[in-house]
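For reference, the structure discussed in these notes is given below.
Throughout, a chain's letter reflects where its sequence line sits, starting with A, and its residues are numbered from 1.
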Number of protein chains: 2
Amino acid sequence: MSSPNVSVPHRRTRSDHASETAEDYVEAIAEIVEERGTCRVVDLATRFAVTHVTVSRIVARLVSLGLVETEPYQPVRLTEAGRKLAKRSKHRHDIVYKFLLALGVPAKTAAIDTEGIEHHVSPETLKRFEDFTARATAD
Amino acid sequence: MSSPNVSVPHRRTRSDHASETAEDYVEAIAEIVEERGTCRVVDLATRFAVTHVTVSRIVARLVSLGLVETEPYQPVRLTEAGRKLAKRSKHRHDIVYKFLLALGVPAKTAAIDTEGIEHHVSPETLKRFEDFTARATAD
DNA sequence: GGGTGATTGTAGCCATGGCTACGGATTAAA
DNA sequence: TTTAATCCGTAGCCATGGCTACAATCACCC
Ligand SMILES: [Mn+2]
Ligand SMILES: [Mn+2]
Ligand SMILES: [Mn+2]
Ligand SMILES: [Mn+2]
């Protein structure tokens, strides 16, 4: 919002992609911890359909970003900052998903499309999504 | 659709990103040719707010993909395949943009969000966008 | 204690898309 | 015809996110 960057359309798209991995990973970690109690590298590899090597390197970057804590051969834990980001990401994710459902998109397709769309929805657009879903659901 | 790939949400998102550059570039080339008669590397660099080096390398890949033709120091031209992709991309882009407008998103924000969202909208979702816009505009 | 399978780490490769620095080509003016 | 500006190419750097191959660690059972 501050930098003139984000007012050039493609710049904003690129900047969205830069934060995308962090958002998806902390969200996934929070979900997996919720389900299984702990989250291991393998769980993330399965979730994202990539190898454990890819996950390890991304997790290392999340550590350097202060979103995640790890010890060798131990499960992955979120920091407080990580939990906050996860919460915000999940919130936005849910709004987008429910919006697509309210629009009449089949659940499976909605789940898939949401995973990409969520990162490109500005606060303003998100608000319109919310409003629409609220009205459509009011019946 | 064919591969089991695209049914894993994040795999589809990644595959969307793989085609994203090609789509945006051929679309931009078509637009710039429309406006100025020809499209040079510099025009694309301005459009995407990157250096001419980045553009050159991406254009080289588009050539190898059969979407674009170039000669040294000459303007960039679309092949027939490039024009077709540009047309499809623009069509989808327009539907997403008009949909956001119909939803009540301000034009500037809609333009920015569209640039990212368009690549993650499945045919099914696109159809719902179209339907919504048609009804909202019918008043 | 030893063996085995699952998990994690590490080395090293590739493609993509950013960049700076610099040099060659084209074009238009002087 | 020289000069200057603009445009383009090339070399070489970086970060990210994929991968395979292999080594180390851990957990658990025998
Ligand atoms: Mn998500
Ligand atoms: Mn996502
Ligand atoms: Mn785009
Ligand atoms: Mn995207």
Cluster membership besides B/L101, Ile/Leu/Val/Met/Phe/Trp/Tyr side chains within less than 4.5 angstrom, sorted by chain and number, is B/Y97

Query raised in the report: Do the side chains of A/T13 and B/E20 get nearer than 4.5 Å, heavy atoms only?
Result: yes

key: Charged N-O contact under 4.0 Å between B/D94 and B/K90   = yes

Apart from B/V53 itself, its cluster of hydrophobic side chains linked below 4.5 Å comprises none

Atom CD of B/E23 and atom C1' of C/dG17 are separated, to the nearest Å, by 17 Å

Would you say B/T21 reaches C/dG17's phosphate, i.e. side-chain N/O to OP1/OP2 under 4.0 Å? yes

What one should report as the nearest heavy-atom pair of B/R14 and A/A49 is NH2-O, 3.4 Å

Between CD of A/E20 and P of D/dG18 the distance, given in whole Å, is 10 Å

For residues 22-64 of chain A, the ring-ring contact (aromatic ring centres under 6.0 Å, His included) pairs (sequence neighbours left out) are A/Y25-A/F48, A/F48-B/H10

Besides B/I95, the hydrophobic cluster formed by Ile, Leu, Val, Met, Phe, Trp and Tyr side chains linked at under 4.5 Å, directly or via other members, contains A/I95, A/V96, A/F99, A/L100, A/L103, A/V105, A/I117, A/V121, A/L126, A/F129, A/F132, B/V96, B/F99, B/L100, B/L103, B/V105, B/I117, B/V121, B/L126, B/F129, B/F132

For this session: For D/dT16, take OP1 and OP2 only and decide whether either is under 4.0 Å from a side-chain N or O of A/R61.
Result: yes

From CG of B/D24 across to P of C/dT16 the rounded distance in Å is 16 Å

message = Using a strict threshold of under 4.0 Å (side-chain N to carboxylate O), is an ion pair present between B/D16 and B/R12?
response = yes

Quick tally for nucleotides 19-24 of chain C: nucleotides whose base has a protein heavy atom under 4.0 Å get B, sugar-phosphate-only ones S, the rest -, giving BBB--B

Under 3.5 Å, N/O pairs linking protein and nucleotides 1-5 of chain D:
none

Salt-bridge present (B/R83, B/E80; N to O < 4.0 Å):
yes

Whole-Å distance, B/Q74 CD to C/dT26 P, equals 8 Å

From CD of B/E71 across to P of D/dC8 the rounded distance in Å is 13 Å

In whole angstroms, the gap separating C1' of C/dT16 from CG of B/L65 amounts to 12 Å

Sorted by position of nearest nucleotide on DNA chain C, 5' first, the leading residue of B/R40 and B/I58 is B/I58

The answer to which of A/H17 and A/P72 contacts DNA chain D further toward the 5' end, by nearest nucleotide, is A/H17

Among the nucleotides C/dT7, D/dC7, D/dG9, whichever has the atom closest to the side chain of B/V42 is D/dC7

